[in-house]
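Worksheet for the structure shown next.
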Amino acid sequence: MKKILNDPAVYVDEMLDGMIAAHPDVYAQPIPRVITRAGGATPGKVGIVTGGGSGHLPVFTGYVGKGLLDAAAIGDVFASPSAEQMADSMRQAHGGTGILRLYGNYGGDVMNFDMAGETVELEDDITSTTVLLADDVVSAPPEEAEKRRGVAGMVYAFKIAGAKAEEMADLDAVTEIAQRTADACRSIGMALTPCTVPQAGKPTFDLGPDEMEMGMGIHGEPGIWRDTLKPADAITDEMMDRLLADRPLGSGDRCSILVNSLGATPPEELFIMYRRAKARLEADGVSIVMPLVGRYATSMEMTGATVTLVKLDGEMERLLKAPCHCAFWTVV
Amino acid sequence: MTGFSSAHLKSAAAKLAAASEAAADELNTQDGKLGDGDLGITVSKGWREVANTDLPADLGKAFLEASKAFQRVSSSSFGTLIATALMSAAKATKGNESAEWNMVGGLLAGAREAMMARGKGELGQKSVLDMIDALAGATDGIDDPKALLAAVDKAIDETLDAFRDKPNLLGRARMFGEKSVGLDDPGMLAVRRMFDGLKEPI
């Protein structure tokens with residue numbers, strides 16, 4: 001394992017210390033592994049919390065900030081936080097008008113967040129709702145869409161629901177727009193090289209030097225096929241084909257697209273992919289709104305990319321363009 | 001006072017912790033055959049944390065503190081299921097300083113429903129849910145602590161025997177399919193070992 005670290009056991013805690021030290025105007029850590037906005041909860045505003053394993057920055061903790069999230073509970077690399085940490089994140093985010101739990105569809109996270117929701121309801125009288133991101137189209141067929149994993153689509157849900165909450169909308173309205181966004185997102189990934197979880201010390205999967213895997217999940221979950229590396233346009237075409245087969249877009253539709261690095265893939269290669277994806281959408285008469293190209297949801301140092309499409313209605317587009325600020329993403 | 005109280009829960013937690021610690025290696029090994037091999041650690045750490053926690057006199061609040069203690073040291077699926085069962089009991093006994101022994105069956109039935117909802121599991125899949133279901137049935141309406149323990153002891157063995165030669169159909173163990181035939185479900189076995197610590201009334 002070749003990583004810049006001191007001790008795998010404190011990898012996450014030292015990372016969080018550094019992130020907060022670098023951005024004290026954005027983040028605070030009032031309780032270990034619970035990241036909040038620097039100023040804490042906003043009275044009267046619906047709180048949005050998320051959570052999951054470390055290793056995906058800016059997901060999850062990075063998106064705590066104005067116009068985005070209020071708090072995040074963070075576990076070890078690729079491991080769920082405890083239900084207690086999730087309950088604490090909800091308490092910290094509570095401004096008196098309820099909490100939306102907004103996170104990816106992974107078994108351990110779901111069980112623990114549900115548990116945390118019951119705990120704060122029983123103990124603190126906090127009302128909460130849940131919206132799960134299940135946007136990875138290759139992780140289950142459409143008829144079992146509720147079993148799909150959540151990946152980069154959550155970035156759009158954080159942004160759009162976060163903007164709605166910032167307008168002081170009530171919990172039902174924030175939950176509804178978050179669910180509408182989650183329902184409108186479709187994502188797919190591909191990988192070229194694995195990453196190494198510090199506490200495991202070895203790569204999460206093996207892939208030959210000239211191979212790629214289409215559809216691989218962000219923790220190395222198996223994809224659809226593994227073969228020799230294809231040209232960028234062929235890769236992008238297949239990803240777009242699969243996304244559009246699952247959620248067709250046509251003439252007059254408006255969408256945003258996120259071409260996301262899984263960590264090691266450079267912006268240069270993402271732009272090569274974006275150029276192809278844009279041409280494809282425009283050929284179909286689809287208008288692109290606020291395209292995102294860069295590192296938005298990573299998997300440590302994995303080489304590879306994900307593409308997310310989100311079909312927008314008027315309200316979602318307005319909220320996507322609303323101001324936000326965190327250390328990793330600012331919209332003015 | 002008849003029935004059981006927060007003091008009984010604390011006493012039981014200490015006994016469950018000791019029994020779980022004694023069986024930790026065995027449970028880790030059995031779990032390693034069908035899962036990630038941390039079940040012994042999960043139950044021993046969880047019950048020890050409960051035993052070391054101050055439990056309030058209100059029985060509902062005591063169950064809630066016990067649930068939180070278990071969550072605190074274990075974010076694994078099995079740990080969360082036990083915490084879920086304790087949370088279910090907390091809701092059912094909220095505002096009472098004691099509960100009649102004949103409520104045990106109902107509390108177990110409530111725990112079964114909550115655990116099924118949380119774990120997205122069904123009965124008949126060879127999991128701890130089948131064990132809790134059997135215990136709920138065996139204890140229904142019994143109001144004597146000794147008779148309760150005897151009924152639990154018998155139901156545990158009968159359930160292990162009934163499911164041993166079936167395949168696991170839930171959780172990570174389901175990946176092993178037919179290879180799980182002939183093996184005790186680790187979660188069911190954990191219940192056996194935990195209750196080995198409760199041979200006498202608490």
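Quick caveat, the model's predicted, so the values are computed rather than measured. So that the names make sense, note that chain A is the first sequence line, chain B the second, and so on, each numbered from 1. Just so you know, these numbers use all the heavy atoms, side chains as well, and skip hydrogens, waters and symmetry mates.
Taking 4.5 Å as the limit, every side-chain heavy atom of A:Ser82 sits out of range of all side-chain heavy atoms of B:Arg72. Here the side chains of B:Lys91 and A:Glu118 are in contact, with some heavy-atom distance below 4.5 Å. Side-chain contact between A:Asn112 and B:Gln71: absent, with no pair of heavy atoms (C-beta onward) separated by less than 4.5 Å. For the pair B:Lys94 and A:Leu122, the minimum side-chain heavy-atom distance is below 4.5 Å. Contact annotation: the side chain of A:Glu123 approaches that of B:Lys68 to within less than 4.5 Å [non-hydrogen atoms, C-beta and beyond].
A distance of 5.5 Å separates CE of A:Met111 from OG1 of B:Thr84, quoted to the nearest 0.5 Å.
Within a 6.0 Å radius of CD in A:Glu221, other residues, nucleotides and ligands contribute more than 12 heavy atoms. No more than 12 heavy atoms of other residues, nucleotides or ligands sit less than 6.0 Å from atom CG of A:Asp206. Few gaps surround NZ on A:Lys3; more than 12 heavy atoms of other groups in view lie less than 6.0 Å from it. More than 12 heavy atoms of other residues, nucleotides or ligands lie within 6.0 Å of NZ in B:Lys199, so this atom counts as buried by the packing criterion. In this structure, B:Asp25 places its CG atom where only 12 or fewer heavy-atom neighbours from other residues, nucleotides or ligands lie under 6.0 Å away. Heavy atoms of other residues, nucleotides or ligands lying less than 6.0 angstrom from NZ of B:Lys61 number 12 at most.
For residues 126-133 of chain A, heavy-atom neighbours of chain B at less than 4.5 Å comprise no residues at all. Contact residues of residues 151-162 of chain B toward chain A are absent (heavy-atom distance under 4.5 Å).
Looking at B:Lys120, the atoms closer than 4.5 Å to chain A (heavy atoms on both sides) all sit in the side chain, from C-beta outward.
For B:Ala83 against A:Met115, the heavy-atom pair with the smallest separation is O-CE, 3.2 Å.
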